[in-house]
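Inspection log for the structure reproduced underneath, given as structure tokens.
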Amino acid sequence: VAEIFRTSPDVLRSEHPLTSFSAKGAGASDVTGEHARSYRFGMQSPLWSVYKRGGKVLQIGTPWSTCTAFHLAEFLTPYRGRMAGKIKLPAYVNGQVSWTVEEELVYTEFDFEEIGRSCEEQSIVRYGMVGDARAWLSDIQGLVESAGAWLSANRDLTRALPPPGYSAVGTAPEAAL
């Protein structure tokens, strides 16, 4: 579904090399226009733009582990063991690939199913069917606020290892908040 949407006429795509977002219609250029290379789910991302606009999240036939809105909550919420490090990203200049090193929060989806169940218990999610697939719809602000409260109370990564691809990993700086 995402690829069909992304390749549809008049759809705009953000330029982040790891995590791009697509949008169509009024405001699409505002949503996709700013996507910082560092802290890709932060306050200079399409996700933040959708949040500020009071947008909605629709997921069709997918589990909570794929709810990208929860990554914005990770960015905004201090929690135990929160880490940041450096990652390498490709940059395309004049048809040539070069690599840049960017600051990035260490994101993880391992507890997104629990966060999703918490959102369900708060009745901020509406369910329905799209064709034969179960779908859900929610305000992004409610999801992010609920996920942030859950992360603050429950997540602890103090003993976690950073994923492959990160270097110079340490405590996330206040600037990431």
Side-chain angles (χ1 to χ4, degrees), residues 1-77 87-100 102-109 111-113 115-120 122-148 150-151 165 176-177:
V1 172
E3 189 64 9
I4 291 170
F5 177 75
R6 185 190 69 77
T7 58
S8 296
D10 302 320
V11 171
L12 302 178
R13 182 179 183 182
S14 69
E15 294 187 11
H16 197 280
L18 286 182
T19 318
S20 64
F21 287 77
S22 298
K24 182 177 181 173
S29 61
D30 293 333
V31 169
T32 60
E34 181 179 30
H35 200 166
R37 292 174 64 83
S38 293
Y39 301 108
R40 66 184 179 245
F41 297 119
M43 295 171 73
Q44 293 178 324
S45 73
L47 202 51
W48 178 251
S49 180
V50 172
Y51 180 88
K52 285 190 315 185
R53 293 167 168 271
K56 298 197 182 299
V57 175
L58 171 66
Q59 293 210 196
I60 303 169
T62 58
W64 282 108
S65 61
T66 64
C67 182
T68 307
F70 292 162
H71 288 308
L72 180 58
E74 286 181 291
F75 177 82
L76 296 171
T77 306
I87 60 170
K88 288 185 178 180
L89 296 178
Y92 302 95
V93 180
N94 298 324
Q96 299 293 317
V97 177
S98 62
W99 292 87
T100 62
E102 306 292 342
E103 296 285 329
E104 188 60 273
L105 196 67
V106 174
Y107 298 102
T108 181
E109 299 86 20
D111 49 10
F112 280 14
E113 293 295 331
I115 295 170
R117 284 192 294 278
S118 175
C119 292
E120 290 170 348
Q122 296 173 49
S123 301
I124 61 172
V125 180
R126 292 188 353 216
Y127 288 95
M129 298 297 289
V130 175
D132 291 331
R134 184 169 189 233
W136 62 261
L137 178 71
S138 183
D139 294 330
I140 191 171
Q141 292 172 346
L143 285 176
V144 169
E145 289 164 16
S146 178
W150 191 96
L151 289 166
L177 296 175

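Owing to the predicted nature of the structure, the values given are computational and were not obtained by experimental measurement. Hydrogens, waters and symmetry mates are skipped; everything else that's a heavy atom, side chains included, is used.
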- [ ] Could you check if a side-chain atom of Val130 sits within less than 4.5 angstrom of a side-chain atom of Val1, using non-hydrogen atoms only?
- [x] no
Open item on the list: Quick one, Tyr51 with Met43, criterion side-chain contact (heavy atoms from CB on, under 4.5 Å). Give me CA distance, side-chain angles, the key distance, then yes/no.
Closed with: CA-CA 10 Å; Tyr51 180 88; Met43 295 171 73; over 6 Å; no
- [ ] Return the minimal non-hydrogen interatomic distance between Glu109 and Ser65, and the atom names on each side.
- [x] CG-O, 3.6 Å
Open item on the list: Tell me if a side-chain donor or acceptor on Ser138 pairs with a main-chain N or O of Ile124 at a distance below 3.5 Å.
Closed with: yes
Task: From CD (Gln141) to NZ (Lys56), nearest 0.5 Å - done: 9.5 Å
Task: Results of side chain to side chain donor-acceptor pair (under 3.5 Å) for Arg117 - residues two or more places apart only - done: none
Open item on the list: Check this for me: Glu15, atom CD, are more than 12 non-hydrogen atoms of other residues, nucleotides or ligands nearer than 6.0 Å?
Closed with: no
Task: Gap between atom CD of Glu74 and atom CD1 of Ile115 - 0.5 Å precision - done: 7.0 Å
Task: Result of checking Val57, Val144, Val31, Thr68 against Leu47 for side-chain contact (heavy atoms from CB on, under 4.5 Å) - done: Thr68
Open item on the list: So which atom in Tyr107 and which in Gly42 form the shortest heavy-atom distance, rounded to 0.1 Å?
Closed with: OH-N, 4.4 Å
Task: Intermediate values then yes/no, side-chain contact (heavy atoms from CB on, under 4.5 Å), Phe70 and Cys119 - done: CA-CA 11 Å; Phe70 292 162; Cys119 292; 4.1 Å; yes
Task: Short side-chain to backbone donor-acceptor contact, Glu104 and Arg40, under 3.5 Å - done: yes
Task: For Glu102, all residues meeting salt bridge (charged side-chain N to carboxylate O under 4.0 Å, His left out), sequence neighbours excluded - done: Arg37
- [ ] Taking all non-hydrogen atoms of both residues into account, name the closest pair between Thr7 and Glu3 and its distance.
- [x] OG1-O, 2.8 Å
Task: Worked check of side-chain contact (heavy atoms from CB on, under 4.5 Å) between Met129 and Arg134 - done: CA-CA 5 Å; Met129 298 297 289; Arg134 184 169 189 233; 4.3 Å; yes
- [ ] Evaluate the side-chain contact (heavy atoms from CB on, under 4.5 Å) criterion for residues Tyr39 and Trp48: first the C-alpha distance (whole Å), next the side-chain angles of each, then the deciding distance (0.1 Å), finally the verdict.
- [x] CA-CA 11 Å; Tyr39 301 108; Trp48 178 251; over 6 Å; no
TODO: Give a yes or no on whether the backbone of Gly142 and the side-chain of Ser146 come within a donor-acceptor separation of less than 3.5 Å.
DONE: no
- [ ] Find the distance between CG (Asp111) and CD (Glu113) and round it off to the nearest 0.5 Å.
- [x] 10.0 Å
Open item on the list: How long is the straight-line distance from OG of Ser118 back to CG of Leu151, given to the nearest 0.5 Å?
Closed with: 9.5 Å
TODO: Give the C-alpha distance, both sets of side-chain angles, the deciding distance and a yes or no for side chain to side chain donor-acceptor pair (under 3.5 Å) between Trp64 and Glu120.
DONE: CA-CA 11 Å; Trp64 282 108; Glu120 290 170 348; 3.0 Å; yes
Task: Parallel, tilted or perpendicular: ring planes of Phe41 versus His71, cut at 30 and 60 degrees - done: parallel
Open item on the list: What's the separation between atom NZ in Lys88 and atom OG in Ser98, rounded to the nearest 0.5 Å?
Closed with: 11.5 Å
Open item on the list: Which residues pass the salt bridge (charged side-chain N to carboxylate O under 4.0 Å, His left out) test with Arg53, not counting sequence neighbours?
Closed with: Asp30
- [ ] Return the minimal non-hydrogen interatomic distance between Ser14 and His35, and the atom names on each side.
- [x] OG-ND1, 2.8 Å
TODO: Starting at CG of Leu58, measure out to CD1 of Ile140 and round the result to the nearest 0.5 Å.
DONE: 12.5 Å
Open item on the list: Tell me the closest heavy-atom pair linking Phe21 and Thr32, and the distance in Å.
Closed with: O-CG2, 3.7 Å
- [ ] Looking only at non-hydrogen atoms, find the nearest pair between Trp136 and Cys67 and report the distance.
- [x] CH2-SG, 3.9 Å
